[in-house]
Amino acid sequence: MQTTPHPRRTLSALLTAALVACLLSLSWAGGTPARAAAGDGSVSDPNIVYVGRWDTSSGTAAVPQWSGAYLRTSFTGTTVKVRARDAVNFYASVDGGPDVFHAGVRGTVNLTPQPLSPGTHTLRISYRSGDTVFQGLVLDSGARTVAPAVPSGLVEFVGDSITAGALTDRLALDSYAWKTGERLGMRHTRIARAGYCLVAQSGCTGLSSQYFRTGSTGDQNWDFSRYPASAVVINLGTNDIGHGVSGPAFQTAYTKFLSDVRARHPEAHLFAVQTLKKRYVAETRAAVSARNSAGDAKVTYVDTTGWLTDGADYEDGNGHPNEAGHTKFADRLAPVIAARLGTAATDASTKAAAPGQPGDPNIKFVGRWDTRSSSTLYTPYWAGAYYRVGFTGRTVKLKQRGTIDFWARIDDGPVRFYDDVKGTVDLTPTALASGNHTLQVNYQVVAGSYRGDAVFQGLALDSGATTFAPPAPAKLIEFVGDSITVGTTTSQNARTAYGWLIGERLGAEHTQVAQGGACLVATADGCVGLEQQFGRLNPNSSTPDWDFSRYQADAVVINLGTNDVGHGVSSTQFQSAYAGLLRKARAAYPRAWIFALETFRGRYVPQTEAAVKAAVDGGDTRLSFVDTTGWLGSGDLTDSVHPNDQGHRVIADRLAPIIAARIGG
């Protein structure tokens with residue numbers, strides 16, 4: 001049976017609908033906003049992910065609290081702009097590219113002055129200072145935002161100016177906290193501010209209470225249901241000592257703080273970091289022990305002793321690391337967190353990068369390269385480091401920061417020397433045939449009076465060209481020594497040294513962990529001791545350690561002792577140090593065959609043999625002493641010590657078969 005609606009009820013419904021429409025119109029005009037439609041780029045767009053403590057309550061302006069908060073989204077179209085209310089400084093990264101600094105901008109800020117290719121792109125914005133208010137995005141007509149891929153895990157860093165990245169160029173983006181989060185592939189937040197303490201006392205804001213607030217000032221409580229943390233890293237205590245906080249008071253506050261953080265993040269792993277200035281160490285340890293004893297097994301004390309070097313890794317005398325120091329901090333901290341979370345910490349060098357740029361996985365860096373301090377500048381250490389890459393197209397150029405000498409070889413062509421070049425260096429003035437090509441480059445050894453800028457900044461390829469992984473030898477040989485192993489006085493230094501020649505002859509990768517003037521034993525008069533420095537990234541730095549998991553050697557050739565005599569090293573000292581180096585090489589390369597060469601001048605021969613015999617007797621059977629008596633004649637030397645090109649070829653002729661007999665090739 002059909003019914004007829006009551007006329008008064010129909011009128012009421014119409015009036016209600018009109019009122020709702022009017023209210024919705026008013027809300028979008030500036031009142032309390034309605035929920036934004038997904039994809040419109042507004043502050044309330046659910047496709048925009050806010051990481052950190054943001055105040056998004058107004059719906060028309062999102063305000064980041066604390067330091068280093070950021071937002072992420074994806075979008076379609078070819079351009080994107082961001083609305084800024086007033087003058088502000090921020091960083092923006094499009095498609096995982098560098099964080100571009102926008103200084104003192106306001107209004108509608110174009111983040112893509114060069115339009116992108118059509119498709120879906122990613123965007124990250126992090127505010128630095130000024131009027132830090134996000135008012136939404138402006139997209140192309142017909143374009144929309146897309147929900148970004150967001151890691152499920154989040155690590156929160158609690159601290160003071162050190163955690164905030166004070167005194168570095170980019171502040172939060174240069175901090176160990178940001179770098180550690182990126183290494184771990186996790187979202188990351190910093191609840192940190194310069195000058196803050198753990199304990200509120202004598203005018204110092206105490207994070208034991210302020211941590212639970214929305215902002216670094218004010219008393220509005222933070223809603224911890226907004227995000228759960230997988231890990232919380234606490235680095236506090238540096239400032240408390242200057243405000244008269246006693247040891248017992250600090251310990252009590254730290255223990256309670258750990259308990260309070262646990263209440264907000266029931267499943268998180270908590271890490272109590274020893275401050276770099278080693279303040280309240282015993283009290284911090286005791287607070288962790290108290291929580292462990294109370295049954296909280298997910299609280300870990302982190303000993304940072306030796307992580308940073310005084311002077312080299314700091315901006316000032318007050319404990320603020322420089323950018324390199326923050327990078328080292330992250331390199332040490334990320335694996336600690338990863339081990340507890342059961343995840344993997346990533347190396348900066350493994351991040352996705354555009355073809356030909358640092359981080360491109362198709363570029364094979366051989367030797368000890370610093371690929372962690374910067375994602376845009378890769379620096380080789382020791383002698384004979386090189387890289388190889390395959391590329392398409394007809395031309396290739398090398399981007400150099402400063403003046404340098406280097407050698408380049410394309411395909412199987414001749415090796416070409418580039419003398420005192422910088423900027424974008426054209427390696428193919430005559431265009432190549434279309435197709436696949438290979439490139440190998442190595443820099444002049446930076447040592448002594450030669451101070452070239454051996455820094456790789458990437459390749460410039462043809463439009464539409466790309467890189468590919470070149471064929472890679474299965475084996476690697478490492479040569480440890482002094483100026484003889486470096487190739488000093490030869491025509492092409494490392495390239496014409498016996499180590500390079502042997503590696504090429506045996507079809508193996510090869511590294512020269514060698515420095516001119518080096519000894520086996522570190523001496524009081526300044527001789528660099530390779531027994532001590534063998535495990536370092538940089539021969540002239542005590543830290544950081546080299547990560548031997550980056551590559552494994554199949555053979556290690558040691559040629560040391562020529563210089564120790566001139567620095568007063570006794571026979572007893574030498575033998576002890578040689579035994580130590582053999583142990584270190586074996587620990588680094590458990591499967592390698594180690595060859596201990598008699599120096600070509602016959603120095604410390606009994607001591608070298610004795611160190612080898614002791615190791616063999618101790619169970620190391622993959623170890624040989626190599627007698628080099630009579631290998632070189634006077635015509636093979638440029639002076640009484642250093643072989644010339646012919647001399648290095650003679651060494652390679654004699655030594656290559658000995659190595660091949662053990663490892664093949």
Side-chain angles (χ1 to χ4, degrees), residues 366-368 382 473-482 484-485 498-514 518-521 529-536 545-562 564 569 571-600 602-631 651-665:
V366 183
R368 299 189 183 180
W382 303 93
K475 293 188 171 78
L476 183 143
I477 308 170
E478 187 152 86
F479 296 86
V480 182
D482 47 40
I484 295 173
T485 303
Y498 70 89
W500 188 291
L501 299 176
I502 291 171
E504 296 292 298
R505 188 171 301 183
L506 298 182
E509 303 280 26
H510 42 85
T511 70
Q512 287 144 280
V513 179
C519 298
L520 170 69
V521 180
L530 290 195
E531 187 272 332
Q532 183 181 79
Q533 297 299 96
F534 170 73
R536 307 300 185 192
D545 293 338
W546 171 247
D547 179 1
F548 283 98
S549 69
R550 298 272 291 275
Y551 63 75
Q552 279 289 293
D554 297 275
V556 179
V557 179
I558 302 171
N559 184 2
L560 284 167
T562 300
D564 292 72
V569 175
S571 298
T572 303
Q573 284 179 297
F574 188 88
Q575 183 173 327
S576 175
Y578 212 112
L581 179 57
L582 292 176
R583 287 192 297 271
K584 289 182 178 180
R586 174 57 65 221
Y589 305 122
R591 300 183 305 275
W593 200 284
I594 302 174
F595 301 88
L597 267 61
E598 173 191 312
T599 63
F600 300 118
R603 291 176 172 172
Y604 300 102
V605 177
Q607 292 76 26
T608 304
E609 286 190 279
V612 170
K613 184 177 185 302
V616 172
D617 290 345
D620 191 345
T621 58
R622 299 178 65 81
L623 179 58
S624 301
F625 172 78
V626 180
D627 187 341
T628 64
T629 304
W631 282 20
I651 297 169
D653 290 342
R654 302 292 291 267
L655 184 55
I658 295 172
I659 298 173
R662 296 298 188 180
I663 70 168

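Please read these numbers as outputs of a predicted model, since none were measured by experiment. If you read the sequence from its start, that first residue is 1, and numbering goes on from there.
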### Message
I'd like to check the ring-ring contact (aromatic ring centres under 6.0 Å, His included) partners of Trp382; sequence neighbours left out, ordered by chain and number.
### Response
none
### Task
Answer yes or no: is there a donor N or O on one side and an acceptor on the other, between the side chain of Arg603 and the main chain of Thr562, under 3.5 Å?
yes
### Query
Can you list every salt bridge (charged side-chain N to carboxylate O under 4.0 Å, His left out) pair that touches residues 551-561, not counting sequence neighbours?
none
### Query
Taking atom OG1 of Thr608 and atom CG of Leu560, what is their separation to the nearest 0.5 Å?
9.0 Å
#### Entry: For Ser624, side chain to side chain contact (heavy atoms under 4.5 Å, CB included) partners two or more places apart
Trp593, Phe595, Arg662
### Message
Leu506: which residues meet the side chain to side chain contact (heavy atoms under 4.5 Å, CB included) condition with it, sequence neighbours left out?
### Response
Ile477, Ile502, Ala656, Ile659, Ala660
### Message
Going by side chain to side chain donor-acceptor pair (under 3.5 Å), name the residues that satisfy it together with Glu504, two or more places apart in sequence or in a different chain.
### Response
His510
### Query
Considering residues at least two apart in sequence or located in another chain, which fulfil the side chain to side chain donor-acceptor pair (under 3.5 Å) criterion with Gln573?
Ser570
### Message
So, using side chain to side chain donor-acceptor pair (under 3.5 Å) as the criterion, who are the partners of Tyr498 when residues are at least two apart?
### Response
Thr485, Asn559
### Message
Let me confirm one number: the OG1-CD1 distance from Thr599 to Ile484, rounded to the nearest 0.5 Å.
### Response
7.5 Å
Side-chain donor-acceptor pairs under 3.5 Å in residues 576-588, sequence neighbours left out?
unit_1 : atom_1 : unit_2 : atom_2 : d
Lys584 : NZ     : Glu531 : O      : 2.8
Lys584 : NZ     : Glu531 : OE2    : 3.4
Arg586 : NE     : Asp620 : OD1    : 3.2
Arg586 : NE     : Asp620 : OD2    : 2.9
Arg586 : NH1    : Tyr589 : O      : 2.9
Arg586 : NH1    : Pro590 : O      : 3.3
Arg586 : NH1    : Ala592 : O      : 2.8
Arg586 : NH2    : Ala592 : O      : 3.1
Arg586 : NH2    : Asp620 : OD1    : 3.0
Arg586 : NH2    : Asp620 : OD2    : 3.4
Arg586 : NH2    : Arg622 : O      : 2.9

### Message
Among residues at least two apart in sequence or on other chains, which ones pass salt bridge (charged side-chain N to carboxylate O under 4.0 Å, His left out) with Glu598?
### Response
none
### Query
Do the side chain of Asp564 and the main chain of Leu520 share a donor and acceptor less than 3.5 angstrom apart?
yes
### Query
How would you list, by chain and number, every residue that makes a salt bridge (charged side-chain N to carboxylate O under 4.0 Å, His left out) with Asp627, sequence neighbours excluded?
none
#### Entry: Rounded distance (nearest 0.5 Å) linking atom CZ of Arg368 with atom CD of Gln512
12.5 Å
### Query
If we only count heavy atoms from C-beta on, is the Phe625 to Val616 side-chain gap below 4.5 Å?
no
### Listed partners of Thr511 passing side chain to side chain donor-acceptor pair (under 3.5 Å), at least two apart
Glu478
### Query
With Phe534, which residues qualify under ring-ring contact (aromatic ring centres under 6.0 Å, His included), at least two apart?
Phe548
